[in-house]
Every structure is written in C-alpha cells, then in structure tokens.
Amino acid sequence: MNYFRLILDRVKTELMALQTAGTIPAGLDFANVGIDPPKDPRHGDVSTNAAMVLAGPAKMKPRDIAVPLAERLKAHDDTELVEVAGPGFINLRMKPDFWPKRVVEAMEAGADFGRSDLGRAKGRVNVEFVSANPTGPMHVGHARGAVFGDALASLLEFTGHDVTREYYVNDAGAQVDVLGRSAHLRYREALGDAIGEIPTGLYPGEYLKDVGEGLVELFKGQYRNAPESAWLEPVRDFAIAEMMGEIRDDLDLMGVRHDVFTSERGLVKEGKVDAALKRLRDKGLIYEGVLEPPKGKEPDDWEPRQQTLFKATEFGDDIDRPVQKSDGSWTYFATDIAYHDDKIRRGFKVLINVWGADHGGYVKRMEAVVAALSDRQVALDTKLCQLVKLMDRGQPVKMSKRAGTFVTLRDVVERVGKDVVRFIMLTRRNDAPLDFDYAVVTEESRENPVFYVQYAHARCSSVLRNAARDLPALDISPLSLRKADLSRLTHSDELALMKCIASWPRAVEQAAEAHEPHRIAFWLRDLASHFHTLWSRGKEEEGLRFLIEGDPELSRARLALVRSCALGLSVGLRVLGVTPVEELR
RNA sequence: GCGCCCAUAGCUCAGCGGAUUAGAGCGUUGGCCUCCGAAGCCAAAGGUCGCAGGUUCGAAUCCUGCUGGGCGCGCCA
C-alpha cells in the first residue's frame, strides 16, 4: 500500500468534513492538495500543503484552515503527532506501530509488493524502443535505449498499465538499399570475385561477410553478374532478415524483448501511408507550398521548392514539414506519420517513443502528428536518451567504424554481464549523458552502484542462511516471519529501514508516472544504504545484531525485517530486469 | 539565426507540477573488524543551486532575458 495515498485520502475526507461543518467554504478544488515526506525527518513522516493551497481560494489565512484540519487528523489512532508548522503546513508523525504494519504488508505481498493498478484507467500503452536500423550490429549507444525502454515498460506493467513493447523496423528507404548493395559485394566476394576496397557509400563492416556466404548458399551463382534491378530486392531482404536476427539475438542477450515488430516497408505496402495522409488531408492539414530557408544557416544548394507539407505549425511545431520527396516517394516523416497513425488505430491511448538525443528535432512534429490524427485524444511522450561514453579507467575508449575499433553491444555485455549493463544504464536520468567505465562498473566497491545494491541483497541472504544454520530451533519460514513481533524493533536505524521499505509503493508509482525508471535505481541504492548502516550497528553493539541467541522472538523480528529488505531489493531489481544475487563471488 | 535539452559541493550526479535548516557517491581529513560478509559503516570539512530580473507570504524548482555546453534545423533514416 502507498501510505502517502492513504493519508492524502484521509486529508481530503477531513477537508470535506470541514466543509460540511462550515469551517471552510464549499466548492473548493482539492486537486493541488498534496502529501510529501518533509525534507527534514524531524518534521515528521508526512507533510501536507492542504492549508497553504486552499487558503487563497477559500479567502482564509492558512493557519485558520490548518488548525482545525490538524485537530481532525489527530483523531486517527495511527497518528502520533500532528503539528501546524511554519505558515501553515501540517506535519504528521505516525505511531511506531504504523511501520511494522507496512513491513508485514510487504511480506504478505511478496513479489507483488508495490504492485498497483495505477495505470488501469489510462488505456493501453505502447512503448517503442531500440528501433535500430537493420544495417549492422548494435553498438553501446543502442544499449541505453534498449534498457531504458524495457525497464520503463516493466515499470508501467508493474503499476497496472497494459503495455506493448514495440520495435519499428526501418526496412525501407535508401539505407537498406545500401545494405543490399554492400551485401551483394560480399556475396561476390564469397563466390571468389576480387572485390578490392569497399567503395565509399557502402558499408565496409566485416559482419556482412557471413551475409555474403548465406547469399551464396541461397542463390548459388545466379545473381553474380546479374543487373542490380534483378538482385537488389532479394539480396536486400535477405540481408535485412539476417541483421534483424542478429539484433534480436543481442537484445535477447540483455534480456530485452519486444512484443511487436512493425515493418516500415510493410506500412508502405499496405497503403497505410496513403491512408494516414488522406486522413490528414481530410482534416485540411496537407497542402502544397514552399518553405522559407532556415535563417542564419542556409544550405549552399538551397532553392525554393514546391512540396507537399503537413501543417505542423497548427499543433505547436515551428515550421510545416514536408512529407514527399521530389521524386514522388515518401519522406521518412511520411512513413512515421503512417506508423503513429497505425499505433493510434490499434487502440493505444498513450504512446511512448524512446529515441536517441540526436532525434530531438523530430519531437515536436511527431507530437503535432499524434495530436492531429487522434484529435488530441492520444498522448505522446518522447524520451530522449543521451549519449553513452564508453570509458576504461577514466580514458575514453576510441571507436571508429572505419578502423574496425567499433565496440558492439555484444562486446560489452559479454565483458561485464547483462545485469551490470542494465543497472548502470539506469543510474542516470535518460536526458543526462552517461559515462560507462569498464573499470568502475566491474569494481567491487561502493562507487559501483550495482555491487553496492547486490552486496546488500547478498548480505540479507547471508543472514538468513546463518539463521538457519545457527538457530535451527527458530522457525524462519515466510509464514512465521509474517507473525513476528516487530514492535521489538525500536532502534532508529531499524525504524529508518522500515520506513524506507514502506516508501517503495510510492517510489514505483512516482517513477511510473514520470516515465523515469532511473528513480528505481536511486531508491534501491537508498534502501541498500539503510541496510548497510543497520548491519554495521550490529558490529558496534552486540545487542543490535540480527541473530540474538538467547532471544528467539527478537531474532525472528529482525529476520523479518531482513527478509523484507531483501524483498524490496529483489522486487526493485526485477522491475529493472536485474537478477538479484544471493552470494557475491 | 531558430528550436529542444542541460548548468546544483573540487569531481560525477540526485532533488525540479513551489513550501519548514538543499542531498548522495567519489576525493580530502579523522575514526570503526577477537564479533551476522570491512566488497561495509560512522564523523568532519566542502554549496550566494550559471547570471540578472519577475510571479509568490515563500523559488534549486514556475516565467522572462542573458551567459556557457550538447543535439538538431527542406527530399538521411
């Protein structure tokens, strides 16, 4: 249970009671009434701004609302202290037995601790992520978007959203034709032709050699000297399929899965581009026109051109955007319109796009498209992931496609493991650049958040193992621990740990609402820190150790706390797709 | 030139739909293992939250302008 929500509901109920009693005017909007943890824990466990927010609309002094509201809040028997502070905040401190109850709830919920139905009313959510072009293997940069999207999707599922994970395959356009030509060259090479240097404009990567050999197996020599018009399509399609196979293998390696792969070529073939543009046309949002050149940075070859434009400016974009090339084919933007139209028509109410930061310039126009096509009924949130800088002991790892010193996603995962990659990718906000240092992420110290959190989990597991070994008479089954007398846990550090565990349901909900999975990683680090603190207390004071030989009931209570902590760590890690470990070796 | 993102402790970063004395890690200094895993813990020092205005009883948080950095800017996806 999210206890903040409990208190918030209570505050609103009491406000209504005050309205009934005539203490405050009727008809006030409680939407801005909020509940927060005070910055300073001495101010209590929760704080509400109710009196501050309502003072204006009610035309009253904050304290004149706060004082009677506080009186009413005092009447609840789980609350120890209610204070009006400063200009009119109300601080509440819960009774000590409030926290053990939250811990028991956690144990009862088990792996579902913190799960909620927050998203049930929001409609189906589509998370589109990775969508790397099928022209080569994935590199480290792709890993961030992959992990972010996958973790965000899990987070939304955990909070009750109906989520589809989707990959948009850019298998139309010039880039895949280049892939086809590059593959044909490797095919001739595999047949024994001398191909010399790879011409500029084609993909030089060695990874296409396998594709060349595959083509030989499939087509033998039939396209060796044939004109491009004969082989481009079959060769290209084969190469795309091969590349997508590799990409899916790489994603699999990181535990990332997609439910749906949508093909750009398929959209075009099925006439969905025409259909989507017709819809826009019917709304009067497509016209023939000439764009002004960009001010200050006019391209050398600029010439005014009549083109087919979408009225993006009507929906907040800076300029209208072209949808058709001069040769009559669609721009990438046109197929993207079709793709988003398709998503809308499949019934999604929330669209989330995970893109690299270099696509930031497309955000506004896509928002415009989604607003136009859905009559502003569908929300689009585009999350931009900043670059990942690969480092080793503080030095940047040099990468160049040409020189072949190109670090693939597979290289990194094989070197440090999927759990490390996943966690580290989430230790920064998506819109902040991230340094990924091989040395640091494999280091076994506090500086490395993966190990810090895993270490806490391993220590929890270790205590539980020791308990089974050293106190065989003690029943530490989940059922028994649930019934432990947690009122024996009175030390401030024990309380702090309980409170942190109890904060999990709110933490997940907030992370989900903000579409920010990194918050889970920070919460995990916080929980781990509370646990390590408590652990060390036991080093200083024997009475604070988890296992107390002469006091089985106290031991049981402490083990229940340890179990709950392990539970919080493992549930949080699993939301991020990281496997909790019971031992570090 | 325009748009988007960013600017918080020496370094790397949380916090940012306002609210009571701004947080963490690293680094620095000093402590804690006969004892549940020291891969850890505790303490000290360190900040006019880029600058200047504005809204507000109250701004790191919202608005405007500026400075500095990243990304992008008509037929590349």
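Every chain is numbered from 1, with letters handed out A, B, ... down the list of sequences.
- A straight line from CD of A:E540 to P of B:C42 spans 9 Å, rounded to a whole angstrom.
- Under 3.5 Å, the side chain of A:R305 and the base of B:G74 form at least one donor-acceptor pair of N or O atoms.
- The side chain of A:K539 approaches B:A38 more closely than any other nucleotide in the set B:A38, B:C41, B:C6.
- Between the CZ atom of A:R537 and the P atom of B:C32 there is a distance of 15 Å, rounded to whole Å.
- Where stacking is scored as ring centres under 5.5 Å apart with planes under 30°, A:W535 does not register as stacked on the base of B:C36.
- If you take CZ of A:F333 and C1' of B:C73, they are 14 Å apart, rounded to a whole angstrom.
- Judged by distance alone, with hydrogens and angles left aside, A:Y452 brings no side-chain donor or acceptor close enough to the base of B:C26 to form a pair under 3.5 Å.
- Here A:Q307 lies in heavy-atom contact (under 4.0 Å) with a base.
- To the nearest whole angstrom, the two C1' atoms, one in B:C66 and one in B:G30, are 45 Å apart.
- One atom, CG of A:N430, and another, P of B:A14, lie 10 Å apart when rounded to the nearest Å.
- Between the CZ atom of A:F451 and the P atom of B:G25 there is a distance of 20 Å, rounded to whole Å.
- One interatomic measurement links the two molecules: CH2 of A:W355 to P of B:G72, which rounds to 14 Å at whole-angstrom precision.
- Syn is the conformation of B:C33, whose glycosidic angle sits no further than 90° from 0.
- A heavy atom lying under 4.0 Å from RNA chain B marks the following residues of residues 461-471 of chain A, by number: A:S462, A:N466.
- A close approach under 4.0 Å does occur between a side-chain nitrogen or oxygen of A:T533 and OP1 or OP2 of B:C42.
- Side-chain contact between A:I520 and A:L155: present, with at least one pair of heavy atoms (C-beta onward) separated by less than 4.5 Å.
- Among the protein residues, A:E303 comes within range of the nucleic acid bases, having at least one heavy atom under 4.0 Å from a base atom.
- Between the NZ atom of A:K364 and the P atom of B:C71 there is a distance of 19 Å, given to the nearest Å.
- Using a 4.0 Å heavy-atom cutoff across all strands shown, A:H359 reaches at least one base atom of the nucleic acid.
- The side chain of A:R428 lies closest to B:C13, out of B:C16, B:G70, B:C13.
- Within the nucleic acid shown, A:E583 comes within 4.0 Å of at least one base atom, counting heavy atoms only.
- Atom-to-atom, OH of A:Y287 to P of B:G74 comes out at 15 Å; the value is rounded to the nearest Å.
- Using a 4.0 Å heavy-atom criterion, one finds that A:S47 contacts the bases of the nucleic acid, with or without backbone contacts as well.
- A:Y332 comes within 4.0 angstrom of a base, heavy atoms only.
- Residue A:E264 places its side chain closer to B:A77 than to any other of B:C57, B:C71, B:A77.
- Residue A:R429 places its side chain closer to B:A14 than to any other of B:G40, B:A19, B:A14.
- The backbone N or O of A:C460 lies less than 3.5 Å from no partner atom in the side chain of A:R563, so there is not a single donor-acceptor pair.
- Of the two residues near RNA chain B, A:S529 and A:I319, the one whose nearest nucleotide lies more 5' is A:S529.
- Annotation: cation-pi geometry not satisfied between A:R558 and A:F546 (NZ/CZ under 6.0 angstrom from ring centroid, within 45° of ring axis).
- Looking at A:M243 and A:L208, their side chains come closer than 4.5 Å, going by heavy atoms from C-beta outward.
- In this pair, A:W523 and A:W504 present their aromatic rings tilted. The plane angle is within the 30 to 60° band.
- The aromatic rings of A:F315 and A:F310 sit parallel, their planes meeting at an angle under 30°, below the 60° perpendicular limit.
- The side chain of A:R525 places no N or O atom within less than 4.0 Å of a non-bridging phosphate oxygen (OP1 or OP2) of B:C13.
- Using a 4.0 Å heavy-atom criterion, one finds that A:P304 contacts the bases of the nucleic acid, with or without backbone contacts as well.
- Of the candidate nucleotides B:C13, B:G37, B:C36, B:C36 has the atom lying nearest to any side-chain atom of A:L547.
- A:S529 and A:Y452 make their closest contact through CA-OH, 3.2 Å (heavy atoms, listed as atom of the first residue, atom of the second, distance).
- Nearest to the side chain of A:P322, among B:A77, B:G15, B:G74, sits B:G74.
- One C1' atom belongs to B:G50, the other to B:C33, and the distance between them is 45 Å to the nearest Å.
- No donor-acceptor pair under 3.5 Å is formed between the side chain of A:N430 and the backbone N or O of A:K383.
- Within 4.0 Å (heavy atoms only), A:G538 reaches at least one base atom of the nucleic acid.
- When the nearest nucleotides of RNA chain B are assigned to A:N91 and A:S329 by heavy-atom distance, the more 5′-ward of the two goes with A:N91.
- Using atom C1' as the reference point in both B:G46 and B:G37, the two lie 33 Å apart (nearest Å).
- Heavy atoms of A:R321 sit nowhere under 4.0 angstrom from any nucleic acid atom.
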_Dot-bracket, 5' to 3', for RNA chain B please: Watson-Crick or G-U pairs under 3.5 Å, [ ] where pairs cross earlier ones, | where the partner sits on another strand, dots elsewhere._
(((((((..((((.........)))).(((((.......))))).....(((((.......))))))))))))....

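- Under a 3.5 Å cut-off, the side chain of A:N448 and the backbone N or O of A:V450 do form a donor-acceptor pair.
- Among the protein residues, A:A55 comes within range of no part of the nucleic acid, since none of its heavy atoms lies under 4.0 Å from any strand.
- Close to B:A38, at under 4.0 Å from its OP1 or OP2, lies a side-chain N or O of A:R459.
- Seen from the ring of A:F531, A:R459 does not count as a face-on cation partner, given the 6.0 Å and 45° thresholds.
- Ring geometry, A:W355 versus A:H359: the interplanar angle falls from 30° to 60°, so the pair is classed tilted.
- At the heavy-atom level, A:P433 lies under 4.0 Å from the strands shown only through sugar-phosphate atoms.
- Side-chain to base pairing of A:D435 with B:U12: no donor and acceptor N or O lie closer than 3.5 Å to each other.
- Among B:C42, B:U20, B:A14, the nucleotide with an atom closest to any side-chain atom of A:A85 is B:U20.
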_Check against salt bridge (charged side-chain N to carboxylate O under 4.0 Å, His left out), A:R519 and A:E516_ = CA-CA 6 Å; A:R519 295 187 188 207; A:E516 288 183 353; 2.8 Å; yes

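- Side-chain contact between A:Y287 and A:D320: present, with at least one pair of heavy atoms (C-beta onward) separated by less than 4.5 Å.
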